[in-house]
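All residue numbers in this chain count up from 1 along the given sequence. When a ligand or atom number is given, it counts from 1 through the structure's own listing order.
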Amino acid sequence: MSPSLATTVGGVPLTSCVYNASGPRSGTAAALSKVCQSRSGGVLAKSATILKQNGNPQPRTYHAGNSLASFNSEGLPNNGIDYYIAAGTIEECMASCDDDSKPYMVSISGKTLADNLEMLSRIAKAPSLSKIKAVELNLACPNVIGKPIIAYDFEQMKSILQEVSSAMKDTPLKLGIKLPPYFDGPHFQQAADILNEFDGSIAYVASINTLGNSLVIDPHSEAPVISSNQGFAGLSGQAVKYTALANVRKLRLALKDSIDVVGVGGVASGRDAFELILCGATAVQVGTCHWTEGPKCFDRICQELEELMESKGYQSIADFKGKLKDWSREGADIARAAAKKEASSQGGTGTKELKSSGSDNNTNLILALLVGLLAILLADKLSNGALLPF
Ligand code: RRO
C-alpha cells in the first residue's frame, strides 16, 4: 500500500500535505482551478486587499541561478477580497477537483488593521462562508512601499492579533498567520510568546514568507533589475530552504502544540517536503516552484515524497513529523555511506561534499605525486638518463 500523505492543518483535513502558497499563480479562479486539479492538498488564494489592485510596476520579478533564487516586488496585485469570497469564484476554482473535500482558503493582507477587520467582516457575512475553511492573515509582506513588515514589530503584531482573533471568534473559520523569516534566537522566542497568547484562536502559522529587502543588480546597466521600490524585493526559491527549515524547527519547539506549523520556503522536491516535516511542519506550501514549474509540481512533489517515505518504511506523516534526530557520529556515518552509494550509482561523479572530504583529498594528492614521478622517470628514460643523477 502506498504511504498516505494525509494530514490536518489547524484541524482542517487535507488528503495531501503539499499545497500551494498564497502568491504565485493564485490570483485568479482560472489559476486556482488548475491547482485544484492537481495533487495539491488545498487551494489557497493570493493575499487580498479590500479593493482590486494592479501591484507595483514591471519589471517586478527576477529569477537567478536557474531559479535557485527568485525575487519579487509584486506589491500585492490581486482582485480584491470580494472576488476571492464570491460563490462564483469558489465554484470555478473547485468545480474541477476530483476531491470534494479539498479545502478552499483565502489570505488577507490589509494595508491597515481596519482593512483587515473589514475584510474579515465581509468573509464572515459571505453567503459562501461554509465553503471557506481558513483565513491566512499575512503579517509578512515585504513589498508594500513605505510599510515595514508587520511581524517584525512585535507590539503591532500583538495588537493586530488581539483584534483579529476577537473578530473571528464567532466564525467557523480557522485562523492562520503568515510569518516572515526570523534570524535571531530571541526574536523566535518573542514571536512565539505572542502567538502562544492566542492559542485557541490561531490554528496554524505558515513560516516563512520571502526574505525581504533583497537586491539584484545588473552589472551592465549598473542598476537594479527590479524597477519598483529601488529594486528591493522578496527573495524566495531553493536558496531560502535552509532559513525555512530553521524557522519551522525553532517555531515548532517554541509554540504550543495547539498551533500547527506549515512549512514554506524553497520546497521543490519530495525531499524538501520531507525535511520540513521532520522539523515539525504538519504540511508544506509551495510558492516559487509552483511559479516556475506550474501546477504539475504538486503531482511530482507528492510522488517523490511517497517514494521517499516508502524507501524508509514510513506509512504516514505522523511516522516522521517533528522527529528530527540529534546529530551523532553514527548518523554522520550513515549519511556518508548514503552519499558514497549515491555517488557511485551516478557513475562515480560524486557530490561536492564527497570530493572535498579529507580522505579523498589525500588520495588525490598521492595519485598526483605518482603521476608526477612517472612523468619524470619517463622523461629521464627518453633523454637517456640526462635528467636524473642515478
Ligand atoms: O505581492 C507581493 O508583493 C508579495 C506578498 Br503579498 C508577500 O506576502 N510576499 C511576497 O514576497 N510578495
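Within a 6.0 Å radius of NZ in K250, no more than 12 heavy atoms belonging to other residues, nucleotides or ligands are found. Annotation: K147, atom NZ; neighbour count of heavy atoms from other residues, nucleotides and ligands within 6.0 Å does not exceed 12. In the displayed structure, D333 atom CG is contacted under 6.0 Å by more than 12 heavy atoms of other residues, nucleotides or ligands. With a 6.0 Å radius and a threshold of 12 heavy atoms from other residues, nucleotides or ligands, K241 has its NZ atom above the threshold. Atom CD of Q230 sits in a sparse spot, with 12 or fewer heavy atoms from other residues, nucleotides or ligands closer than 6.0 Å.
Here the heavy atom of the protein found nearest to atom 9 (N) of ligand 1 is N209 OD1, 2.8 Å.
Contact atoms of ligand 1 toward N138: 6 (Br), 7 (C), 8 (O) (distance under 4.0 Å to a heavy atom of the residue). Listed by atom number, the atoms of ligand 1 under 4.0 Å from T210 heavy atoms are 9 (N), 10 (C), 11 (O). Those atoms of ligand 1 that come under 4.0 Å of a heavy atom in N72, given as number and element, are 2 (C), 3 (O), 4 (C), 10 (C), 11 (O), 12 (N). Proximity to N143 (heavy-atom distance under 4.0 Å) selects the following atoms of ligand 1: 2 (C), 3 (O), 4 (C), 10 (C), 11 (O), 12 (N). Every atom of ligand 1 with a heavy atom of E74 under 4.0 Å away is listed here by number and element: 1 (O), 2 (C), 3 (O).
Counting heavy atoms closer than 4.0 Å to ligand 1, residue S22 contributes nothing at all. Proximity of L76 to ligand 1, defined as any heavy-atom pair under 4.0 Å, is shared by backbone and side chain alike. Residue contacts with ligand 1 for K46 involve side-chain atoms from C-beta outward but no N, CA, C or O (heavy atoms, distance under 4.0 Å). With a 4.0 Å cut-off on non-hydrogen atoms, N56 does not touch ligand 1 at all. Using a 4.0 Å cut-off between heavy atoms, C141 contacts ligand 1 through both its backbone and its side chain.
The distance criterion of under 3.5 Å between nitrogen or oxygen atoms is not met by S47 with respect to ligand 1. Any N or O atom pair closer than 3.5 Å counts here, and S73 shares no such pair with ligand 1.
When side chains are defined from C-beta on, I317 counts as touching M309, because their heavy atoms get closer than 4.5 Å.
Proximity of S109 to ligand 1 is not established, as no heavy-atom distance is less than 4.0 Å. G75 counts as a contact of ligand 1, since one of its heavy atoms falls under 4.0 Å from the ligand.
Remark: of the listed residues L173, V164, N116, L173 is the sole one forming a side-chain contact (heavy atoms from CB on, under 4.5 Å) with V135. Checking N72, N229, N56 one by one against N143, the side chain to side chain donor-acceptor pair (under 3.5 Å) holds for a single residue, N72.
The pair R271-E304 does not meet the salt-bridge criterion, since no charged nitrogen lies less than 4.0 angstrom from a carboxylate oxygen.
Here Y182 and Y152 bring their ring centres to under 6.0 angstrom of each other.
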